[in-house]
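Let me begin by presenting the structure, written as structure tokens, before commenting on it.
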Amino acid sequence: MDTDESLIWQNETSVWFQQVSRTAAGTYLLRREYVRDPAAVSGAARSSPVRTTAGATLIDAERDPRWPGVDLYELRSDRQLALLVLDGAASDPATTECFRAVGALLASRHGSDAPGPRQVFHVVRFQDELSLAASGSPSSRLRAKLAGALLDSIEDWLEELASPAGGVPSLGNATMNSIFLDESGQVELTYGPEACTAHPEYDVGWLLGELTELEYSFSQRGMPSSHIPLYARTLLDSYRDAGGPELDLARLARVVAVRVCLHYFDFSETMPTIPIGQADIGFLEWLIERARMMEDDDAER
């Protein structure tokens, strides 16, 4: 990799530090430094993927041996899907096609026989975070607001997601922060140390959880949001059409609720002086209740 770089953007959260630079060769270098190294949690080396579908490619990390928990990705673009969706106020054909490409790539990955670590990193760290939140961490206020049966459901679902029966090779961090789109429409998904074996609903639901929260956030701010369900529908249709495993809709709803809940806890840790609003709590409670109702319906069948 070319190390002659010019910084484009960087950010830091309670999970990681990220930085994107442009290299002298005209490519882009994404550097991620984890607060808690996923490779240390999983305890297993991952196999390097060679996986490309029409319009989308997995980009494997190079782990810098000098610094534990630091991954480097060489990319064609610095255009992060999360920022494109956040900046958009209407449906964008290129972004829609991006979700189509991602759905096909996830289906391809889930249908492969590549081995992966069993530990689902973000599930394990959320379980630990909930434990710490009970003893005075910045997110303890959020835990107090969710105490009771709703939080019990989240903890039960984390147990389910942590031990997948018949799991598939998963990216483990399929988020819009990990997807990049160049000007020609080619999509790159960063594949890092979160790679694991998980329920197929985990990767798909992680992205759907982001879109669900974003739709809510847009509507709260009076911004157009009707295009966001289109992105979600495109992702699901593409995943199905590409031959992905059949998804359990009740489990998908549980993953969405867990993803949004984890984001709220991460935000509380990253921005401890900004409390999660009551409207946001109400939205999260609705997601949990919806998932519980679907779970109950499944149990009655």
Side-chain angles (χ1 to χ4, degrees), residues 13-16 32 34-49 51 58 60-61 63 69 71 102 105-133 139 151-179 189-210 212-213 239 244-245 247-266 269 287-288 291 295:
T13 71
S14 64
V15 180
W16 56 24
R32 279 184 179 157
Y34 294 82
V35 173
R36 183 181 182 189
D37 183 4
V41 172
S42 70
R46 51 199 173 84
S47 58
S48 179
R51 184 69 55 180
L58 283 180
D60 200 5
R63 177 141 287 202
D71 288 290
V102 170
L105 192 143
L106 288 179
S108 177
R109 184 66 183 165
H110 291 174
S112 72
D113 57 1
R118 298 297 300 185
Q119 291 273 33
V120 184
F121 170 68
H122 290 291
V123 170
V124 172
R125 77 173 182 84
F126 193 13
Q127 289 173 315
D128 293 344
E129 193 164 329
L130 284 174
S131 176
L132 291 171
S139 57
L151 192 57
D152 289 344
S153 290
I154 290 291
E155 291 176 330
D156 288 345
W157 298 338
L158 288 172
E159 286 292 333
E160 171 197 8
L161 295 172
S163 304
V168 298
S170 300
L171 302 189
N173 189 36
T175 75
M176 291 188 288
N177 282 310
S178 296
I179 300 170
L189 282 75
T190 58
Y191 175 91
E194 299 100 335
C196 60
T197 301
H199 296 292
E201 295 82 8
Y202 180 78
D203 279 343
V204 179
W206 224 238
L207 272 170
L208 289 181
E210 284 189 304
T212 300
E213 183 181 351
Y239 183 85
L247 298 173
D248 181 326
L249 296 183
R251 180 178 289 131
L252 204 58
R254 297 196 288 274
V255 175
V256 167
V258 166
R259 175 68 185 97
V260 174
C261 191
L262 173 59
H263 184 240
Y264 282 7
F265 273 86
D266 284 343
E269 292 291 330
L287 288 176
I288 298 172
E295 190 176 36

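Values reported hereafter were calculated over all heavy atoms of this structure, with side chains retained and with hydrogens, waters and symmetry mates removed. Since the model is a prediction, treat every value here as computed from it, not as a measurement.
With sequence neighbours left out, Glu201 forms a side chain to side chain donor-acceptor pair (under 3.5 Å) with Arg251. Looking at residues two or more places apart in sequence or on another chain, you find no ring-ring contact (aromatic ring centres under 6.0 Å, His included) involving His199. Annotation: ring-ring contact (aromatic ring centres under 6.0 Å, His included) contacts of Phe126 (sequence neighbours excluded): Phe265. Looking at residues two or more places apart in sequence or on another chain, you find no side chain to side chain donor-acceptor pair (under 3.5 Å) involving Asp248. Applying the side chain to side chain contact (heavy atoms under 4.5 Å, CB included) criterion to Leu249, with sequence neighbours excluded, gives Leu252, Met294. With sequence neighbours excluded, no residue satisfies salt bridge (charged side-chain N to carboxylate O under 4.0 Å, His left out) with Arg32. Trp16 is linked by a ring-ring contact (aromatic ring centres under 6.0 Å, His included) to Tyr34, counting only residues two or more places apart in sequence or in another chain. With sequence neighbours excluded, the residues that form a side chain to side chain contact (heavy atoms under 4.5 Å, CB included) with Thr175 are Asn173, Asn177, Ser178, Trp206, Glu210, Arg259. For Tyr202, there are no side chain to side chain donor-acceptor pair (under 3.5 Å) partners, not counting sequence neighbours. Applying the salt bridge (charged side-chain N to carboxylate O under 4.0 Å, His left out) test to Glu295 and every residue at least two apart in sequence or in another chain returns nothing. The side chain to side chain donor-acceptor pair (under 3.5 Å) search around Arg254 returns Glu160, not counting sequence neighbours.
To the nearest 0.5 Å, atoms CD1 (Ile288) and CG (Leu151) are separated by 7.5 Å. With values rounded to the nearest 0.5 angstrom, His110 atom NE2 is found 9.5 Å from Leu105 atom CG. The distance from the CG atom of Asp71 to the OG1 atom of Thr190 is 9.0 Å, given to the nearest 0.5 Å. The distance from the CG atom of Leu161 to the SG atom of Cys196 is 10.0 Å, given to the nearest 0.5 Å. Between the CZ atom of Arg125 and the CG atom of Leu262 there is a distance of 4.5 Å, given to the nearest 0.5 Å. From Leu189, atom CG reaches atom CD1 of Ile179 across 4.5 Å, with rounding to the nearest 0.5 Å.
Applying the salt bridge (Lys or Arg N to Asp or Glu O under 4.0 Å) test to every pair with at least one member in residues 161-179, sequence neighbours left out, gives no pairs at all.
Closest of all the heavy-atom pairs between Thr197 and Gly167 is CG2-C, 3.7 Å. Closest heavy-atom contact between Ser139 and Glu269: OG-OE2, 2.8 Å. In this structure, Ala198 and Val120 approach most closely via the heavy-atom pair CB-CG2, 4.2 Å. What you find for Pro200 and Tyr239 is that their closest heavy atoms are CB-OH, 3.5 Å. Of all heavy-atom pairs between Val123 and Ala162, the closest is CG1-CB, 3.7 Å. Between Trp157 and Ala257 the shortest heavy-atom distance is CZ3-CB, 3.9 Å.
Glu129 has its side chain within reach of Asp266: a pair of non-hydrogen atoms, C-beta onward, lies under 4.5 Å apart. Here the side chains of Val258 and Ile154 are in contact, with some heavy-atom distance below 4.5 Å.
Of the residues Leu106, Val255, Leu171, Thr212, the one that meets the side chain to side chain contact (heavy atoms under 4.5 Å, CB included) test with Leu207 is Leu106.
A salt bridge is absent between Arg109 and Asp203: the closest approach of a Lys/Arg side-chain nitrogen to an acidic carboxylate oxygen does not fall below 4.0 angstrom.
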